[in-house]
Amino acid sequence: MKRWSEQIEIDAPIEHIWKLINGSLEDMQKITPNLVEHEPVTVTDNGVGSVYKQTFHVGKRLRTFEVKMLQFEDQADYKKQQFSYIHGGLFEITSTYELKKISDDKTSFHYQTQTKPLKWYLGLFMLLNRGGSIATRFVQHVKKVAERELANPS
């Protein structure tokens with residue numbers, strides 16, 4: 001299993017960033033532009049156990065995943081989403097978005113992801129994959145989008 005983790009401070013209110021993570025499809029596409037569909041399959045009262053159908057552009061193809069919410073918290077000063085899905089029958093991907101309010105206009109964003117191979121031989125290939133730069137680029141992208149939106153409201 002490989003794990004990546006990155007944390008960054010964003011000059012934006014916690015609710016603004018949460019909207020990019022847990023808002024409408026249009027809001028979510030701002031940080032995940034290859035997301036083309038996000039439809040509820042099963043929704044629970046507290047979010048945990050909810051299942052969504054998400055479709056992404058992966059190269060020239062569309063890939064659909066069943067995404068299960070493992071953790072969900074939506075407090076004024078703290079928000080968290082952890083979800084899991086199976087990618088191509090080969091990997092179980094678990095990702096966590098965690099937001100902590102620092103001040104009215106500053107938020108800590110912690111992103112974690114782990115990839116668990118479902119076939120023993122895939123673990124050998126994962127030893128060669130560093131992937132940490134993906135986590136770094138993602139948190140920097142979220143920061144850029146959130147801060148740019150506040151600087152240039154539409």
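Positions are given from 1, in the same order as the sequence printed here.
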Nearest 0.5 Å, please: how far is NZ in K116 from OG1 in T94?
8.5 Å

Near K53 NZ, under 6.0 Å, is it more than 12 heavy atoms from other residues, nucleotides or ligands?
no

Who pairs with T96 by side-chain contact (heavy atoms from CB on, under 4.5 Å), at least two apart in sequence or on another chain?
K80, Q82, Q112

State whether the number of non-hydrogen atoms from other residues, nucleotides or ligands found under 6.0 Å of D45 atom CG is greater than 12.
no

Charged N-O contact under 4.0 Å between E147 and K143:
yes

Quick check: closest heavy atoms across L62 and V36, and the distance to 0.1 Å?
CD2-CG2, 3.9 Å

Going only through I, L, V, M, F, W and Y residues with side-chain contacts under 4.5 Å, is there a path from L150 to V139?
no

For atom NE2 of H57, decide whether the heavy atoms of other residues, nucleotides or ligands shown that lie under 6.0 angstrom number more than 12.
no

With rounding to the nearest 0.5 angstrom, report the CD1 to CD distance, I93 to Q114.
9.0 Å

Under a 3.5 Å distance rule, please check whether S50 uses its side chain to pair with a backbone N or O of G47 as donor and acceptor.
yes

Determine whether a donor-acceptor pair (N or O, by modelled atom type, separation under 3.5 Å) exists between the side chain of S108 and the backbone of E9.
no

Among Y97, W18, Y52, which one satisfies ring pair (Phe, Tyr, Trp, His ring centres under 6.0 Å) with F72?
W18

Search all heavy atoms of A135 against all heavy atoms of W4 and return the closest pair with its distance.
CB-CB, 4.1 Å

Measure the spacing between CG of N34 and OG1 of T55 and express it to the nearest 0.5 Å.
11.0 Å

Check whether F83 and V51 end up in the same hydrophobic cluster, where Ile, Leu, Val, Met, Phe, Trp and Tyr are linked by side-chain heavy atoms less than 4.5 Å apart.
no

Measure the spacing between CZ of F56 and NE2 of H87 and express it to the nearest 0.5 Å.
9.0 Å

Verdict with supporting geometry, Y78 and E73, side chain to side chain contact (heavy atoms under 4.5 Å, CB included):
CA-CA 7 Å; Y78 179 79; E73 291 189 52; 3.5 Å; yes

Closest contact, heavy atoms only, D27 versus L20:
O-CD2, 3.7 Å

Heavy-atom closest contact (I102 atom, T107 atom, distance):
CD1-C, 3.8 Å

For residues F109 and I21, report the shortest heavy-atom separation together with the two atoms involved.
CE1-CD1, 4.0 Å

Indicate yes or no: does E6 engage R137 in a salt bridge with an N to O separation below 4.0 Å.
no

Between Q7 and Y111, is there a side-chain donor-acceptor contact under 3.5 Å, judged purely by atom types and distance?
no

Look only at the side chain of K79 and the backbone of Q75, and say whether a donor-acceptor pair between them is shorter than 3.5 Å.
yes

Hey, quick one: are V145 and F138 part of the same hydrophobic cluster, counting side-chain heavy atoms closer than 4.5 Å, chains of contacts allowed?
yes

Donor-acceptor contact below 3.5 Å, side chain T32 vs main chain L35:
no

Look at the side chain of H16 and the backbone N and O of A146, then say whether any donor-acceptor pair between them is shorter than 3.5 Å.
yes

Would the number of heavy atoms belonging to other residues, nucleotides or ligands and lying under 6.0 Å from NZ of K68 be above 12?
no

From I17 atom CD1 to K19 atom NZ, the distance as rounded to the nearest 0.5 Å:
11.5 Å

Connected hydrophobic set around I86, excluding itself, where side chains approach under 4.5 Å:
L118

In terms of hydrophobic clusters joined by side-chain contacts under 4.5 Å, are F91 and V58 together?
yes

So which heavy atom on S5 is nearest to which on H110, and how close?
OG-NE2, 2.6 Å

Which residue is it: H38, E37, Q54? I am looking for the one with a side chain to side chain contact (heavy atoms under 4.5 Å, CB included) to L25.
H38

The reported gap from NZ in K100 to CD1 in I14 (rounded to nearest 0.5 angstrom) is 10.5 Å

Do F65 and V43 sit in one hydrophobic cluster, given that two such residues count as connected whenever their side-chain heavy atoms are within less than 4.5 Å of each other, even indirectly?
yes

